[in-house]
Amino acid sequence: AVLLDNFIRSVNEEKLRAAVTDEQERMRRLGVSRADQGHPLAPLLEALSRYTSEEDLTRRIQKVFKALDTDRRGAVGFHGLQEGLKKMAQLRPQMHLSSDDFARMTRDGALCNRRGMLDPSALEKMLRRELEDYLHSRVAQAYEEKLQSQEGWAAALLGGVKL
């Protein structure tokens with residue numbers, strides 16, 4: 001059983017690496033870098049950043065999971081996450097998740113189960129970490145803006161302090 005689990009995990013990791021390589025090549029051909037795009041989940045993270053308590057954030061993430069888990073399997077993988085994000089029409093601009101983004105956000109699959117899927121608690125852990133990083137980057141951006149002018153920094157600073 002252990003050998004089978006290790007084999008399945010190895011196959012999934014190899015598939016993920018191949019998908020990352022393919023996506024990087026596609027992005028290179030398009031001449032697009034990650035720095036040009038901002039955070040791939042920015043509209044979602046912006047919506048999540050409006051939470052009022054830890055419980056509220058958990059409820060918001062649970063709603064996101066339900067929206068992404070369209071086949072009701074109780075877990076969502078790269079393709080399900082990618083497609084589910086595209087269907088969140090209320091969040092603009094439309095989000096695009098690359099396999100490279102998925103690998104980074106899942107710590108190269110460490111948050112995933114042996115099938116390469118995220119269960120609700122793993123998705124929450126991932127989104128909380130991404131939200132923290134997103135708010136920290138907003139604080140850093142606000143700091144830079146503060147050096148230039150006195151506008152637009154308070155909300156980002158308070159968002160970072162919220163964490």
Original post:
Sequence neighbours excluded, which residues qualify as salt bridge (Lys or Arg N to Asp or Glu O under 4.0 Å) partners of Lys86?
Top reply: Glu83

Original post:
So how far is it from Leu81 CG to Ser99 OG, rounded to the nearest 0.5 Å?
Top reply: 12.0 Å

Original post:
Partners of Tyr134 by ring-ring contact (aromatic ring centres under 6.0 Å, His included), sequence neighbours excluded?
Top reply: none

**OP:** Considering non-hydrogen atoms only, spot the tightest contact between Gly74 and Pro120 and give its length.
**Re:** O-CD, 3.4 Å

**OP:** Could you note down all residue pairs passing salt bridge (charged side-chain N to carboxylate O under 4.0 Å, His left out) where residues 116-126 supplies at least one of them, sequence neighbours left out?
**Re:** Glu124-Arg128

Subject >> Minimum-distance pair of heavy atoms, taken over all atoms of Leu45 and Glu130 >> reply: CD1-O, 3.9 Å

Original post:
How far does NE2 of His96 sit from CD of Gln82, to the nearest 0.5 angstrom?
Top reply: 5.5 Å

**OP:** Kindly say whether Glu54 contributes a backbone atom to a donor-acceptor pair with the side chain of Thr58 at under 3.5 angstrom?
**Re:** yes

Subject >> Separation of Ser121 OG from Leu111 CG (nearest 0.5 Å) >> reply: 9.0 Å

**OP:** Could you pull out all residues at least two apart from Glu14 that satisfy salt bridge (Lys or Arg N to Asp or Glu O under 4.0 Å)?
**Re:** Arg17

Subject >> Inter-residue atom distance Arg114.CZ - Phe7.CZ, 0.5 Å rounding >> reply: 13.0 Å

**OP:** Verify the cluster assignment for Met117 and Phe65: are they in a single hydrophobic cluster under the rule of side-chain heavy atoms below 4.5 Å apart?
**Re:** no

**OP:** Compare all side-chain heavy atoms of Met105 with those of Asp101 and state whether any distance is below 4.5 angstrom.
**Re:** yes

Subject >> Contacts of type side chain to side chain contact (heavy atoms under 4.5 Å, CB included), residue Asp56, not counting sequence neighbours >> reply: Tyr51, Thr52, Ser53, Arg59, Arg60

**OP:** Determine, using the 4.5 Å side-chain heavy-atom cutoff (strictly less than), whether Leu97 and Leu131 are members of one ILVMFWY cluster.
**Re:** yes

Subject >> With Leu127, the side chain to side chain contact (heavy atoms under 4.5 Å, CB included) member among Leu118, Leu57, Ile61 >> reply: Ile61

**OP:** Give a yes or no on whether a salt bridge exists between Glu46 and Arg92, defined as a side-chain N under 4.0 angstrom from a carboxylate O.
**Re:** no

Original post:
Residues in side-chain hydrogen bond (donor to acceptor under 3.5 Å, both in side chains) with Arg129, at least two apart?
Top reply: none

Original post:
Do Phe102 and Cys112 have side-chain heavy atoms sitting under 4.5 Å apart?
Top reply: yes

Subject >> Set of residues satisfying salt bridge (Lys or Arg N to Asp or Glu O under 4.0 Å) with respect to Arg107, sequence neighbours excluded >> reply: none

Original post:
With sequence neighbours excluded, what pairs up with Leu91 under the side chain to side chain contact (heavy atoms under 4.5 Å, CB included) test?
Top reply: Pro43, Leu44, Ala47, Met88, Met95

Original post:
Arg115: what forms a salt bridge (Lys or Arg N to Asp or Glu O under 4.0 Å) with it, not counting sequence neighbours?
Top reply: none

**OP:** Identify, with sequence neighbours excluded, every residue that meets side chain to side chain contact (heavy atoms under 4.5 Å, CB included) alongside Asp71.
**Re:** Asp69, Arg73

**OP:** Give the minimum heavy-atom separation between Arg9 and Gly109, together with the two atoms involved.
**Re:** NH2-O, 3.7 Å

